[in-house]
> 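One structure coming up, written as structure tokens, with questions to follow.
Please read these numbers as outputs of a predicted model, since none were measured by experiment.
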Amino acid sequence: MAATVLVVEDDPAIARALTINLTVRDYHPHVATTGAQALKLAAEIAPDLVLLDLGLPDIDGLDVINGIRGWSEVPIIVVSARHEAESKIEALDRGADDYVTKPFSLGELLARLRANLRRAVSEPASARLETRDGVLTIDLAAHRVSRRGEDVHLTPKEWKFLELLARHPNQLVKQADVLAHVWGPQYVTETGYTRVYVSQLRAKLEDDPHNPAYLLTELGMGYRLVADET
């Protein structure tokens with residue numbers, strides 16, 4: 001089955017050239033010209049790979065990486081005119097799998113595309129989860145959580161906490177991993193932070209925060225979100 005490739009590029013000439021060359025090689029390209037369109041398409045079509053320009057007209061491509069990585073491990077190849085080592089490092093740290101600078105060799109780009117597709121996981125992460133009783137719905141692509149159909153407002157750190165658990169539904173997420181993800185690696189010993197924030201999340205999401213059904217603590221180990229992928 002031919003791979004679906006999301007091309008995120010606001011330069012019409014480059015987008016057209018990539019579309020033509022991918023199509024003749026039996027890939028299925030879809031083009032987004034803005035970051036917002038890229039995030040919407042990524043959730044709708046679940047591409048097998050993303051080719052991402054960083055210099056987009058609405059939001060920075062680095063923020064597009066963040067948005068996609070909130071729910072998916074799809075391979076992301078950055079194709080950018082930014083040549084600085086710092087730009088490459090930041091893109092890779094945000095979750096990009098590869099980085100190609102413009103102007104690029106089409107042959108090299110296609111070879112990197114094939115290599116990343118070979119390494120790709122067979123099953124993408126789900127963009128949407130629900131608790132088994134249908135009370136909570138977590139939309140990772142839209143950065144949105146609702147409780148019995150009503151949107152729940154979360155602070156940025158509350159969302160990052162919940163998002164990490166939602167990326168690994170029904171699995172134990174170690175407390176140190178939560179601390180590193182939400183606050184940074186220098187905070188992995190600050191265990192009081194997680195206790196405060198899981199309490200805040202339960203107050204917003206659980207029917208009985210003192211007897212949680214969804215956000216479970218495994219003492220001395222970490223946290224688990226009980227949910228179904230949809």
Side-chain angles (χ1 to χ4, degrees), residues 39 42-43 46 50 62-76 90-97 119-230:
L39 291 171
V50 178
L62 294 171
D63 294 322
V64 175
I65 296 174
N66 286 346
I68 293 174
R69 282 291 172 259
W71 62 274
S72 175
E73 295 301 319
V74 61
I76 299 174
E90 185 168 10
L92 294 169
D93 282 346
R94 296 277 187 109
D97 297 276
R119 290 195 295 267
V121 295
S122 58
E123 293 293 332
S126 174
R128 184 182 172 90
L129 300 96
E130 288 186 356
T131 54
R132 291 169 183 172
D133 56 8
V135 171
L136 297 182
T137 300
I138 302 167
D139 189 332
L140 292 169
H143 285 214
R144 179 180 176 184
V145 58
S146 61
R147 183 171 180 271
R148 293 192 171 90
E150 298 291 329
D151 285 350
V152 178
H153 173 72
L154 300 182
T155 68
K157 282 188 167 55
E158 288 171 348
W159 171 256
K160 288 190 76 174
F161 195 139
L162 183 65
E163 171 238 333
L164 179 62
L165 300 185
R167 287 179 62 184
H168 306 278
N170 307 306
Q171 300 175 35
L172 174 69
V173 179
K174 294 180 180 178
Q175 189 174 46
D177 291 338
V178 175
L179 287 161
H181 178 77
V182 180
W183 288 276
Q186 67 272 33
Y187 291 92
V188 293
T189 61
E190 300 291 341
T191 56
Y193 287 21
T194 54
R195 288 195 295 271
V196 169
Y197 274 77
V198 80
S199 177
Q200 292 174 186
L201 283 168
R202 284 172 177 157
K204 293 181 178 182
L205 303 177
E206 299 275 2
D207 286 334
D208 182 357
H210 299 292
N211 185 29
Y214 317 123
L215 294 170
L216 307 184
T217 299
E218 300 203 11
L219 292 176
M221 299 178 66
Y223 302 94
R224 189 186 307 269
L225 174 68
V226 179
D228 283 343
E229 298 182 31
T230 63

> Spell out, as yes or no, whether a donor-acceptor pair under 3.5 Å connects the side chain of Arg94 to the backbone of Ile65.
no
> Looking only at heavy atoms, which two atoms of Asp151 and Ser146 are closest? And how far apart?
OD1-CB, 3.9 Å
> Within a reach of under 6.0 Å around CZ of Arg132, are more than 12 heavy atoms found that belong to other residues, nucleotides or ligands?
yes
> Identify each donor-acceptor pair in which a side-chain atom of residues 208-215 lies under 3.5 Å from a protein atom, sequence neighbours left out, and give them as a table.
| residue | atom | partner | partner atom | Å |
| --- | --- | --- | --- | --- |
| Asp208 | OD1 | His210 | N | 3.2 |
| Tyr214 | OH | Asp133 | OD1 | 3.4 |
| Tyr214 | OH | Asp133 | OD2 | 2.7 |

> Quick check for you: to the nearest 0.5 Å, what is the distance between Leu225 atom CG and Glu163 atom CD?
12.0 Å
> Hey, can you pull the donor-acceptor pairs under 3.5 Å for the side chains in residues 192-199, sequence neighbours left out?
| residue | atom | partner | partner atom | Å |
| --- | --- | --- | --- | --- |
| Thr194 | OG1 | Gln175 | NE2 | 2.7 |
| Thr194 | OG1 | Thr191 | O | 2.8 |
| Thr194 | OG1 | Tyr223 | OH | 3.1 |

> Heavy atoms only: give me the nearest Pro169-Ala227 pair and the separation to one decimal.
CB-O, 4.2 Å
> Sequence neighbours left out, what passes side chain to side chain contact (heavy atoms under 4.5 Å, CB included) with Leu39? Give chain and number order.
Ile59, Val64, Ile68
> So does Val135 get a backbone contact from the side chain of Thr131, meaning a donor-acceptor N/O pair under 3.5 Å?
yes
> Within the distance-only criterion (no hydrogens, no angle test), does the side chain of Lys204 pair as donor or acceptor with the backbone N or O of His153 below 3.5 angstrom?
yes
> List for me each residue that meets side chain to side chain contact (heavy atoms under 4.5 Å, CB included) alongside His143, sequence neighbours excluded, and say none if there are none.
Trp159
> In sequence, state the C-alpha distance, the side-chain angles, and the governing distance for Leu164 and Lys160, and then conclude on side-chain contact (heavy atoms from CB on, under 4.5 Å).
CA-CA 6 Å; Leu164 179 62; Lys160 288 190 76 174; over 6 Å; no
> So how far is it from Glu130 CD to Thr137 OG1, rounded to the nearest 0.5 Å?
4.0 Å
> Under the rule for side-chain hydrogen bond (donor to acceptor under 3.5 Å, both in side chains), what residues qualify as partners of Asp97, not counting sequence neighbours?
Arg69
> Restricting to side chain to side chain contact (heavy atoms under 4.5 Å, CB included), what partner residues turn up for Leu172, sequence neighbours left out?
Glu218, Met221, Arg224
> Would Asp207 and Arg148 pass as an ion pair if we require N to O under 4.0 Å?
yes
> In the structure I gave you, are the side-chain heavy atoms of Leu140 and Leu129 within less than 4.5 Å of one another anywhere?
yes
> With the side chain counted from C-beta on, respond yes when Val152 and Leu154 share a heavy-atom pair under 4.5 Å apart, and no when they do not.
yes
> Between Ala91 and Leu62, what is the shortest heavy-atom contact and its length?
CA-CD2, 3.6 Å
> Run the side-chain contact (heavy atoms from CB on, under 4.5 Å) check on Val145 and Asp139 step by step: do they pass?
CA-CA 6 Å; Val145 58; Asp139 189 332; over 6 Å; no
> Within the structure provided, determine whether Leu162 and Ile138 are in side-chain contact (heavy-atom separation under 4.5 Å).
yes
